[in-house]
Student: 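For reference, the structure I am asking about is given below.
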Amino acid sequence: MRKLAAIEARHPLVVGTLVFYVLVLLLNAGGLRKQAELMPYGTMRSVCVATISPVARVSDRLGITLLRKSIEEWVNEHTGGLNEY
Amino acid sequence: MLFPTTVFAVFFAIVFLGARALRRHTLHWQWFMLVASYVFYGWWDWRFLGLIGFCTVVNHLAACLMARTQSPVYRKWLIGGVIVIDLGVLGFFKYYGFFVQSALALFGTLGWIPPLPLIQIVLPVGISFFTFQAMSYVIDVYRKEIPPAQSLLAFGTYLAFFPQLVAGPIVRASLFLPQLAARPDESQPDTGRALVLILVGLFKKTVLANMLAQYVVDPVFAFPTAYGGGDILLSVYGYALQIYCDFSAYSDIAIGVALLLGIRFPDNFNAPYFATSFRGFWRRWHISLSTWLRDYLYIPLGGSRQGGRKTARNLMITFLLGGLWHGAHWRFVMWGALHGFYLIMERQLGRLTGGGFPAGVRWLRPLVAILGGFVVFHGVCFSWIFFRAETFGDGIMMIKRLGDWGSAFSLWQLPLLIVLAAGFAIQFFDGGRLAPLHRWMNARPVWVQSALASIVLTIILGLGPQGVAPFIYFQF
C-alpha cells in the first residue's frame, strides 16, 4: 500500500490515467462488448471481441456494469414515447 | 477520429502519456505532437496530409521572408501572394462546385451553357479552420504584431495541433506560439478544469445534441410537410439548441484536451442565447470566428469609423462572407445576410434611441433586456431555419408552415421538452461559471478526480442514445 502511495506521489498523472482507463473499461465493459459485436465481421472485430469479452465477464461477475445497465434501463423506461419514432 | 469514441480514447491515452514523458524535451515534444496530430488528421483521409503540410510550408516561408525584409512593397507582394494561395486552396476545395453550379444556373437562364468542368471534389475536414489560422498568422507577422514562429516545426505543431484541428476554436498564433516557446513546462496541468470541460462537453454532445437531433430536429427537417406549425417551431428551437450543444461541446472538449497537454485555449462560447442584443450574441457565439472576422475583415474594411452607410456595408460584407465560410450554399449566405441585417437594424435603432435610458424610465431596463433577449433568440432561431434546411425552398416552406397551428402537436411531449430545457439551461456552465467546481476538483488527488470522472462518464454514456453522430461543424 505504501509502495502504491509512493508511486502515486511521484507520478500522479500516470496513476490518474490508469485509474481512469481501468475504471471506464470495467464500468462500460458491457456496452463496449455490445459495440464490438456490432462491428462488421473481420479481424478487427475478432480482436475487439476477444479483448473485451474477458473484461466484460469479470465486470459482470463483480456487478460493476450495474451502474450503466440501470441507467440505460431507466432511460428506456422513461423515454418509451421517444423510442416510438 | 471523433472525440467521443473508443478509438480516440485509446489514441489520447498514448498521446497524453507520451507528451507527459517528453515534457522536458521541447523539440521531442513538438515532433511527437506533430506526428500525433497528423495521425489524428490522417485517420480520416491520409491523402490530405499533403494539403496541410503544403499550407504549413508556404505560410511559414512567407512569414519568415516578411520578417527578413524591410521593403514595404515586397512585404505587400508576399502577404498578397500567400493570402491568394490560402484562399485559393480554400476556394478550390470548398467553393469550386458551388461557383461552377451557380454560374451554370445563371448562364442557363440566359440560354448559354459555358463549358465549365463540373468535378466532384472531396472537402478536406477542417480546411476552413486551418486556413483561417494560417492567414491570421501571416497577417499578424505582416502587421508586425508577432514575430514568425521559431521554426517550421513550431508552426507545423500550431497549425496541426489536433484538439482544434478539425473544428476549432480558431486559435491565434499570438496565443499559441508563446506557449510553445515557454516550454519545457514543469507545471501540473489544470486537470480539474480539463476534466470538467471534457465531461460537460461529452454530456452536451452525446446526450443533449444527439437526443435533440434524433427526436426533435432530423425528423422534421427531413419531412417538413408532415408536420404542423407547432412541431416545426419546436424543431427550430431544437436545432438552435442542438447546434449550440454540438459545437460548444466540441470546443469544450478541445479546450479540455489541450489543457491536459499543457496548452491553454480561449473560450469559444459564453451563453449565447442569454444575449440581449445581436451584438451581444456575436460576442458570445463562436467567439474565435467572430473576433477573427472583426480583426481581419471588418476593421480592415473600415469598421464603424466611416459613417452609417459604410458601417452597414462593412457589416453586411462581413456577415455574407461569414455565412459563406460555413459552407458553399446560398442557405449559408442567407443566414449571414440575416445576421448582417439584424446588426444593421440594431445600430439604427440604437442611433434613434440614443442608446440609453432617460432618467425617468430606468426601471424599464430589465423589461427591455428580457424583451431584447426574446427578440434576439427568435431572430437567431429564424436564421437557423435556412442554415439547417435541406434546401432553400424547404426553408421557405417551413417558414410558411409555421403559421399552420391546426395540425397535431406530435413532438410536444414532456421528455422532449425536458431535453430542450436542459439544452437551454446548460449555457449556465459557460464562461467560467463552473470555476468553483474546477477548484473543488483540483483540491482532490488526481486519482480521485479520475475515479469521479470515470463514473460521470459512465452515467453520460448510459444516458445518451446509441451511436455518435459526427459534429455539425466537421462539414465546415
Side-chain angles (χ1 to χ4, degrees), chain A residues 1 4-39 44-45 47-49 51-52 55-56 59 63-85, chain B residues 5-7 9-10 12-21 23 188-189 191-192 194-195 198-199 207 211-212 214-216 218-220 260-262 410-416 418-419 444-468:
Chain A
M1 208 61 193
L4 274 177
I7 294 172
E8 205 277 330
R10 279 188 67 190
H11 306 286
L13 288 174
V14 176
V15 173
T17 310
L18 278 175
V19 168
F20 177 79
Y21 277 93
V22 169
L23 274 179
V24 166
L25 194 66
L26 288 170
L27 288 164
N28 297 282
L32 288 169
R33 182 172 51 191
K34 246 189 251 168
Q35 221 178 28
E37 284 166 354
L38 288 173
M39 285 168 78
M44 196 64 188
R45 180 187 182 276
V47 171
C48 288
V49 171
T51 315
I52 198 66
V55 183
S59 220
I64 295 173
T65 46
L66 206 66
L67 174 67
R68 179 153 172 185
K69 263 185 201 162
S70 44
I71 293 166
E72 280 173 349
E73 277 168 19
W74 182 84
V75 170
N76 284 337
E77 206 177 294
H78 288 82
T79 56
L82 296 179
N83 292 335
E84 283 169 18
Y85 283 92
Chain B
T5 56
T6 316
V7 177
V10 174
F12 186 67
I14 298 165
V15 173
F16 177 64
L17 292 175
R20 197 69 205 152
R23 69 185 184 282
Q188 291 283 323
T191 47
L195 288 174
I198 292 170
L199 291 172
V207 182
M211 276 192 174
L212 286 168
Q214 209 167 322
Y215 303 124
V216 185
D218 292 352
V220 177
L260 286 176
L261 297 170
S410 58
L411 293 177
W412 290 70
Q413 302 169 26
L414 189 62
L416 290 181
I418 290 171
V419 175
R444 316 266 91 78
V446 179
W447 71 268
V448 176
Q449 294 178 30
S450 301
L452 287 173
S454 64
I455 293 167
V456 176
L457 178 63
T458 305
I459 295 170
I460 291 169
L461 294 174
L463 285 172
Q466 292 292 317
V468 180

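Quick note: numbers below take in every heavy atom, side chains included, and nothing from hydrogens, waters or symmetry partners. The sequence lines fix the lettering, A, B, ..., with proteins before strands; numbering per chain opens at 1.
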Student: Just so I understand: if I count every heavy-atom pair under 4.5 Å between each of A:L32, A:V24, A:L27 and chain B, which residue has the most?
Tutor: A:L27
Student: If you count heavy-atom pairs under 4.5 Å between each of B:L414, B:T458, B:L260 and chain A, which one has the most?
Tutor: B:T458
Student: So, for A:R45 and A:M39, which heavy atoms are closest and what is the spacing to 0.1 Å?
Tutor: CD-O, 3.2 Å
Student: Within this structure, what is the CD-OG1 distance for the pair B:Q449 and B:T191, rounded to the nearest 0.5 Å?
Tutor: 3.5 Å
Student: Would a 4.5 Å heavy-atom cut-off, applied to side chains only, mark B:L261 and B:F12 as touching?
Tutor: yes
Student: Using non-hydrogen atoms and a 4.5 Å limit, figure out which bit of B:L457 sits close to chain A: side chain, backbone, both or neither.
Tutor: side chain
Student: Given heavy-atom pairs under 4.5 angstrom as the criterion, report whether the side chain, backbone, both or neither of B:L461 touches chain A.
Tutor: both
Student: Considering only heavy atoms, which portion of B:A21 lies under 4.5 Å from any heavy atom of chain A: side chain, backbone, both, or neither?
Tutor: neither
Student: Which pair of non-hydrogen atoms, one from A:G16 and one from B:V446, has the smallest distance, and what is that distance?
Tutor: CA-CG1, 4.0 Å
Student: If we only count heavy atoms from C-beta on, is the A:L67 to B:I455 side-chain gap below 4.5 Å?
Tutor: yes
Student: Starting at CG of A:L18, measure out to CG of B:L17 and round the result to the nearest 0.5 Å.
Tutor: 7.0 Å
Student: What part of A:Q35 gets within 4.5 angstrom of chain B, counting heavy atoms only: side chain, backbone, both, or neither?
Tutor: side chain
Student: What option among A:V14, A:V19, A:N28, A:L25 has the most heavy-atom pairs under 4.5 Å with chain B?
Tutor: A:N28
